[in-house]
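A quick write-up on the structure given underneath.
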Amino acid sequence: MTELPKAYDFKEYEEKIYQEWEEKGYFKPTNDPNLPGHDPNIKPFVIVIPPPNVTGALHLGHPLFVTTQDIMIRYHRMKGEPTLWVPGSDHAGIATQLQVENQLRKEGTTREEIGREAFEKRMWEWKEKYGGQITAQLRRLGASCDWTRERFTLDEGLSKAVREAFIQLYEKSLVYQGPRMINWSPGLQTAVSDLEVEYSEEEGRLYYFKYMLADGSGDYLPVATTRPETIPGDTGVAVHPDDQRYQKFIGKKVLVPILGRRVPVVGDEYVTKEFGTGALKITPGHDPHDYEIGQRHQLELINIMNKDATLNENAGPYAGMERFKARKAIWADMEEAGLVIKEEPYLMKVPRSQRGGEVIEPLVSTQWFVKMDSLAAKAAESVQKGEVVFVPERFTKVFLNWMENIQDWCISRQLWWGHRIPVWYCQNCHETIVSREDPTHCPSCGSAELKQDPDVLDTWFSSGLWPFSVFGWPEETPDYCYFYPTSVLETGYDIIFFWVARMIMDGLEFTGKVPFHTVYLHGMVRDDKGQKMSKTKNNVIDPLVLMNEYGTDALRFTLVVGSSPGNDQNVGVKKVEANRNFANKVWNIGRFVIYAIDKVDEPIKTDPIWTLADAWIWARAKQTVNSVTVLFENYQFGEAGRQVYEFLWNDFADWYLEASKRQLAEGGDRAAYTAILLSDVLGLMLRLLHPFTPFVTEALYGYLKKASESNRIIHNKERKWEEHLIVARWPEDMPLEDWEEGIVKDFELTQEIVRSIRNLRSEYKVEPGQAIEAVFVSEQKADFLREQKNLLIDLAGLKEDGFLVFECRLDQGNMTALVVEDIEIFLNLSASGDSEADHERLEKELSEAEIHIERLEKLLSSPFAQKAPANVVEAEREKLAGYKSSAEKLRERLGI
RNA sequence: GGGCGGUUAGCUCAGUUGGUUAGAGCGUUGCGUUGACAUCGCAAAGGUCGUAGGUUCGAGUCCUAUACCACCCACCA
């Protein structure tokens with residue numbers, strides 16, 4: 001006998017079960033290329049994890065992606081495919097370095113002070129300490145990844161891949177170094193890519209001032225700018241060549257305010273005549289557009305900014321001043337010099353660092369870039385050919401659109417945490433050496449005085465290689481040959497450009513293959529009011545807190561069910577609580593089934609004869625299995641989970657379990673077959689549910705297996721029990737049989753009768769415990785009603801010896817009448833007696849039925865009857881017949 | 001400026017080949033401790049599926065227009 005506690009206590013099971021899974025090696029693929037007996041022809045199912053940052057404070061995005069991927073992994077594993085989920089984490093350059101720098105600051109020192117080597121050592125210590133946290137949290141979430149294959153983006157192997165990739169690109173001239181306009185982050189003291197800049201709409205000012213002509217005429221050109229502090233860097237003023245107002249100035253010289261430098265006025269079509277004053281000051285060193293205009297007109301390029309966003313010696317009197325202070329100072333000086341026209345409020349888009357939040361400074365700097373157009377063209381082509389499919393599909397367009405407008409990618413970062421750029425500069429002959437091995441001396445002059453480029457690569461450079469670098473690329477390792485390309489890439493739509501696009505490009509470039517055939521994109525998780533979760537809004541829900549309170553299964557189920565791919569979702573505690581209740585419901589279903597199994601011990605003497613309820617639940621179970629499998633194949637996990645939920649709670653628990661109680665009480669063969677059916681249906685559902693809520697289902701599977709196997713009636717070798725549910729087989733398709741449709745209809749009629757009686761009981765305030773007498777009158781369904789006597793008695797709370805069925809009409813005096821299709825039901829609701837209310841109720845029902853009859857008759861006499869498919873029309877005819885017989889009986893009752 | 005998504009019950013959301021009484025959870029109301037479950041059960045109230053057109057025998061579902069909300073890309077100083 002197995003006694004289960006009344007409520008599911010996840011704390012009892014989660015950790016223990018996870019350990020068992022891991023110890024048994026279930027997370028490792030069944031067809032491991034590194035082991036004997038490996039068959040290279042069997043196709044594996046593979047996912048590489050989007051590596052979380054080692055800094056990783058867990059947020060609700062993590063449980064979402066972990067659950068979604070784990071669902072796919074567990075599904076394919078249960079289908080018997082060799083399944084691999086590669087875990088790992090990302091060094092996350094800037095983010096992690098900032099953490100350690102913060103730590104140093106608290107200790108009163110800086111990375112510059114302790115030096116690069118010591119700093120790197122500190123970084124690694126930090127990684128060792130906190131890197132384990134994130135993986136512990138993934139385990140906590142139930143992620144069934146193969147931890148023996150865990151990778152870190154700065155591992156030796158991955159570093160080798162990064163270096164190889166860089167060199168290959170360099171050799172193809174797809175990586176190049178040069179001075180270009182880049183986004184400089186003064187706070188982080190590094191260049192960042194275009195993607196790492198966010199534009200925020202902010203209240204600024206538009207400053208109008210005079211650009212005095214150099215000829216001393218006193219004439220001036222009015223100019224408007226949002227950034228007066230860049231005036232010292234001006235090397236020209238541009239007007240539209242067709243602009244009648246300013247044409248005469250083109251070719252003349254004007255004087256830069258305060259500094260007095262003579263700069264030319266040029267005509268350029270980029271200038272919008274209508275905006276501002278129609279004259280644009282040109283600062284080629286500090287504005288991307290000005291840079292281009294400057295190049296067109298061979299204007300001088302002056303850098304006036306230090307790396308910390310103070311002005312430099314080129315800014316004359318403002319040298320050393322912080323940029324926003326300089327803005328004010330210059331403006332004040334210009335006002336004094338009489339150059340100011342006016343200033344006005346202006347809503348502008350300010351570029352800010354995605355990471356640090358400070359204002360980004362565009363400036364010209366020598367950096368390393370990846371030339372993107374050829375890479376992007378290949379990637380776009382393979383997506384267009386359908387070699388990579390996006391789920392949901394609409395993201396294909398987003399992807400392609402970006403690919404068509406792609407810009408070169410600045411990959412060098414002035415940081416210390418990351419993959420060092422494999423480039424050395426000879427201090428003697430200034431040769432640039434790009435090498436797979438660390439060089440000892442210069443190949444052209446032989447000098448040993450080499451200096452490595454101090455910069456590291458953008459974190460996303462290594463991320464782009466992740467789907468194959470984790471398998472040992474560039475080596476053709478067994479893992480690489482067998483597991484690559486992977487199957488599905490699952491991640492958030494917010495990193496399509498950062499990551500997904502680059503993986504596709506890199507995969508094609510370095511391996512000649514797309515790295516995965518499907519990209520599944522999930523939405524963002526927001527709070528219950530639809531707001532982005534952020535620390536400043538104080539609306540962050542900590543997943544660990546939710547897991548501690550409600551259990552991992554509840555959290556997983558919440559995040560996946562009730563949402564759809566690619567759409568954002570709002571998560572509140574209430575939802576998690578509801579799903580905790582579901583886990584408990586499942587537990588109690590299991591508890592009942594096991595209780596039923598334990599009770600049965602008489603040997604079976606006859607062939608099984610199913611009751612209506614038996615046949616019905618089996619048919620419904622089969623429908624659910626088939627439907628859920630189709631949904632899984634189409635990545636519709638939310639709907640799949642919902643259907644299992646609905647079946648378990650509404651069909652299995654609310655109806656079948658109640659129906660089974662009497663069958664079990666009858667004992668003998670009836671009880672035995674009921675217990676077997678309970679066990680079988682639950683067994684199916686545990687499988688379907690396992691990918692969503694792995695812990696409670698695994699726990700129950702263990703008990704169910706034990707109970708079923710130790711029961712000499714139920715134990716049967718045809719029912720195969722694995723040691724654990726995680727490796728149990730996903731149910732095969734279960735073809736529906738002809739008889740099932742009729743059975744389902746019959747049971748639905750029963751449900752309708754039961755509901756009607758319950759409804760009336762509730763209206764008449766009959767105590768739930770009080771059994772009532774019922775007389776059924778029906779010509780067509782009399783036999784059926786007699787057959788379902790027990791079911792009706794139990795579910796509707798009827799009196800055993802007051803249950804009568806007649807084929808023909810007879811007067812039921814003062815009993816309360818009820819009509820379901822052609823069945824008249826008379827209930828002895830002794831407490832009542834309000835015949836007037838009764839009358840009203842019947843009249844209401846009649847008028848409802850008549851409305852339907854009218855509607856359906858109209859429908860069936862319309863072109864619908866000819867044009868709609870026969871089965872659809874037939875279904876409507878049946879409904880009409882049902883309403884008609886109801887109406888007829890109701891009229892008789894009412895004496896109309 | 002271009003693009004994408006959303007608008008369904010008081011709240012949060014499902015609803016994928018268009019099928020004719022639109023679903024769930026939470027909340028609300030009434031009743032209820034019979035050995036699976038009060039983390040529960042039974043019953044009830046609550047929606048012209050943003051608006052206006054169109055296609056169709058039939059539209060929450062497809063098309064067009066429009067309003068509002070959210071997001072992405074671009075970035076006229």
Side-chain angles (χ1 to χ4, degrees), chain A residues 4 6-8 199 206-207 223-227 230 238 270-272 274-283 287-290 346 348-349 351 392-395 397-398 401-402 405 493-494 496-497 523-524 526 528-530 532 550 554 558 561-564 566-572 574-575 577-596 631 634 636 638-639 642 645-646 649-650 653-654 657-658 661 754-755 758-763 765-769 797 848 851-852 855-856 859 862-869 871-873 875-876 879:
Chain A
L4 273 62
K6 277 181 97 164
Y8 171 57
Y199 291 84
L206 192 55
Y207 302 85
V223 172
T225 181
T226 55
R227 306 192 57 198
T230 62
Y270 171 78
V271 181
T272 312
E274 294 74 26
F275 188 85
T277 62
L280 175 63
K281 75 185 201 62
I282 306 299
T283 321
D287 182 281
H289 292 292
D290 292 7
Y346 181 64
M348 53 196 273
K349 297 276 180 75
E393 199 205 334
R394 65 173 185 272
F395 288 107
K397 213 172 142 188
V398 177
N401 186 43
W402 191 66
N405 301 297
Y493 65 71
D494 55 330
I496 294 176
F497 306 144
M524 304 294 113
R526 300 165 183 285
D528 54 2
K529 293 183 186 68
K532 249 184 186 166
Y550 301 108
T558 301
V561 177
S563 70
S564 43
N567 290 335
D568 294 354
Q569 59 173 316
N570 304 346
V571 171
K574 284 277 184 193
K575 270 190 194 170
E577 193 183 337
N579 288 318
R580 183 272 317 265
N581 295 352
F582 174 58
N584 188 58
K585 187 75 183 180
V586 175
W587 175 261
N588 273 291
I589 290 170
R591 215 173 144 230
F592 176 80
V593 172
I594 287 157
Y595 159 84
L631 290 165
N634 291 300
Q636 305 280 314
E639 177 63 11
R642 197 192 61 76
Y645 179 105
E646 195 176 85
W649 204 316
N650 300 132
D654 286 352
L657 257 51
E658 292 307 321
K661 284 175 184 171
V754 169
R755 280 199 200 97
R758 282 174 177 173
N759 190 337
L760 213 57
R761 292 179 59 114
S762 181
E763 261 180 57
K765 314 257 188 244
V766 180
E767 296 283 312
E848 270 169 20
I851 287 168
H852 286 298
R855 182 180 61 82
L856 286 166
L859 179 68
S862 75
F864 167 81
Q866 280 78 50
K867 298 219 177 181
N871 58 328
V872 175
V873 178
E876 296 308 313
K879 278 184 209 165

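Here is the naming used below: chain letters follow the sequence lines, and residue numbers restart at 1 for every chain. Please read these numbers as outputs of a predicted model, since none were measured by experiment.
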Phosphate oxygens OP1/OP2 of [N]: is one of them under 4.0 Å from a side-chain N or O of [X]?
| X | N | answer |
| --- | --- | --- |
| A:Arg758 | B:rA43 | yes |
| A:Trp649 | B:rC37 | no |
| A:Asn581 | B:rC37 | no |
| A:Ser862 | B:rC57 | no |
| A:Lys574 | B:rC26 | no |
| A:Lys661 | B:rU34 | no |
| A:Asn405 | B:rA74 | no |
| A:Tyr346 | B:rA77 | yes |
| A:Lys575 | B:rC11 | no |

Nearest heavy atom decides the nucleotide; on that basis, is A:Gly276 or A:Gln569 closer to the 5' end of RNA chain B?
A:Gln569

Using heavy-atom distances to pick each residue's nearest nucleotide on RNA chain B, tell me which of A:Val398 and A:Val271 is more 5'.
A:Val398

Students often get this wrong, so: under 4.0 angstrom with heavy atoms, is [X] touching a base, only sugar-phosphate, or nothing?
| X | answer |
| --- | --- |
| A:Pro351 | nothing |
| A:Asn567 | sugar-phosphate |
| A:Glu639 | sugar-phosphate |
| A:His852 | base |
| A:Thr277 | nothing |
| A:Glu658 | base |
| A:Lys397 | sugar-phosphate |
| A:Tyr8 | nothing |
| A:Ala875 | nothing |
| A:Arg227 | nothing |
| A:Asp654 | sugar-phosphate |

Please enumerate all residues that pass side-chain hydrogen bond (donor to acceptor under 3.5 Å, both in side chains) together with A:Asp290, with sequence neighbours excluded.
none

Note every stem involving RNA chain B: at least three consecutive Watson-Crick or G-U wobble pairs, i with j then i+1 with j-1, with both distances under 3.5 Å.
B:1-3 with B:71-73, B:5-7 with B:67-69, B:10-13 with B:23-26, B:28-32 with B:40-44, B:50-54 with B:62-66

Do A:Lys6 side-chain and B:rC37 base share a donor-acceptor contact under 3.5 Å?
no

Nearest-nucleotide pick for A:Thr226, side chain only, options being B:rU39, B:rA77, B:rA14:
B:rA77

Taking only the side-chain heavy atoms of A:Ala578 (C-beta and beyond), determine which of B:rC26, B:rC57, B:rC75 contains the nearest atom.
B:rC26

Integer angstrom distance from the C1' of B:rG15 to that of B:rC49:
11 Å

Same-atom distance (P) from B:rA70 to B:rC13, integer angstrom:
14 Å

